[in-house]
Colleague: 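The structure is given below, and queries will be raised subsequently.
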Amino acid sequence: MFEYFYNEIFRSVIIGFGSLFNGIQVKHKNDNDKTVSVIKVPLAYGPTQKFLARLKQNPDLNAPVQMTLPRMSFEFTNLAYDSSRKSTQTQTLVLTSEDGSEEKKTFLPVPYNMTITLSVYTKLNDDMLQIVEQIVPYFQPGYTIPIKFLGNFDEVQNVPVVLDNIDMSDEYEGNFDTRRALIYTFTFTAKTFVFGPLRDVSSDIIKKVTVGYIAGQKSGNYTRDLTYQVTPRAVKDYDGVVATILSRDLDMVDNIIYVDDSSSITENTYIYIGQEEMFVENVANEKILVRRAQDGSTLQNHVSGSQVFNITSQDNSMIELGDDFGFDGNVFWGNLWTNMKN
């Protein structure tokens, strides 16, 4: 149950959170309202107490070395389960790697709320107000950031980051002439999800199912057997090879379609137009008699010029785990069995 795994969920959220505040700047102007300096506010991960201790040890806040103001820091401070976003515990999620070489399965993620605090330190009140105005307009009260979880698997979650509170502190230390430290603390809640271990299911796609029926008497004398075999069949086009195009509009009530060239379409096969799968019953010249909306596909109107795709064995081989698919079935009659017992 408690095997080792590490999906770097919390780390990804912390990095994503910090990236929101990387571009904050403070501008200083002279008496003529001209900008004389632009400061990109440094951002670092760490507790507020650490930065306050460095302030106390470095009384000259304008020195070109050590720590100067303005500055920002952020810290992950609390983690709590969010029951309001709870999902079923038994439903699974199938993930595919970006290159399609791996497929893994895991249970639906567990919702957790991360509390992250952002501390802003300035010497001047105008610097603080500039920073605050560059932050608060984006949180009403939340801002959603897309974060890619689970490494090379294509799983992107939108994580809402909610601004819960702003605490202001204006501290004077020592006598009146020494220094001033303005500290604003922003408290945020990141509504994230935590994934469990991933299990490889790349080889778990069922390629063929065979069911055998045996009929006989209660005494054990079998008289015959019947075998039914099914294989997955694609219900949509995968390879993108166009067979022909429609030469007329096709309404939802029509079961005869008109195409430019029917030479590559054969009877008792499936075709795919738009998002609708059709079964070909008859082909005569450039007219095709079809059964519409097969395998639960949506009945649609189609305009002249729409592409028509054949669903072939090539498409069957490209079915991926998690796709919807149908079945092709064949019945095999076995030899007559007589006087055979268990």
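The first residue in the sequence is number 1, and the count goes up from there.
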Colleague: Quick check on the hydrophobic clustering: are I166 and I135 connected, directly or via other members, by side-chain heavy-atom contacts under 4.5 Å?
Modeller: yes
Colleague: Would you confirm whether the ring centroid of F74 sits within less than 6.0 angstrom of the ring centroid of Y45?
Modeller: yes
Colleague: Return yes when atom OH of Y138 has more than 12 non-hydrogen atoms of other residues, nucleotides or ligands closer than 6.0 Å, and no otherwise.
Modeller: no
Colleague: Compare all side-chain heavy atoms of Y121 with those of S73 and state whether any distance is below 4.5 angstrom.
Modeller: yes
Colleague: Among all residues two or more places apart in sequence or in another chain, which pass the salt bridge (Lys or Arg N to Asp or Glu O under 4.0 Å) test with E286?
Modeller: none
Colleague: Please answer whether the main-chain N or O of V162 pairs with a side-chain N or O of T189 as donor and acceptor at a distance below 3.5 Å.
Modeller: no
Colleague: Taking V253's backbone N and O only, do any of them form a donor-acceptor pair with R292's side chain (distance below 3.5 Å, no angle check)?
Modeller: no
Colleague: So do the side chains of N310 and I265 get within less than 4.5 Å of each other, counting heavy atoms only?
Modeller: yes
Colleague: Using modelled atom types only, decide if a donor and an acceptor are shared between the side chain of Q300 and the backbone of Q275 within a distance under 3.5 Å.
Modeller: yes
Colleague: Do F76 and V13 come close enough that some side-chain heavy atom pair is under 4.5 Å?
Modeller: no
Colleague: N301 side chain to M252 main-chain N or O, any donor-acceptor pair under 3.5 Å?
Modeller: yes
Colleague: Do we get R11 above Y6's six-membered ring, with its NZ or CZ under 6.0 Å from the centre and within 45° of the axis?
Modeller: no
Colleague: Please report, to 0.1 Å, the donor-acceptor pairs under 3.5 Å made by any side chain of residues 21-29, with sequence neighbours excluded.
Modeller:
| residue | atom | partner | partner atom | Å |
| --- | --- | --- | --- | --- |
| H28 | ND1 | S37 | OG | 3.4 |
| H28 | NE2 | D127 | OD1 | 2.9 |
| H28 | NE2 | D127 | OD2 | 3.3 |

Colleague: Does F186 reach the side chain of V132, with side-chain heavy atoms less than 4.5 Å apart?
Modeller: yes
Colleague: Between F188 and F139, is the ring centre distance below 6.0 Å?
Modeller: yes
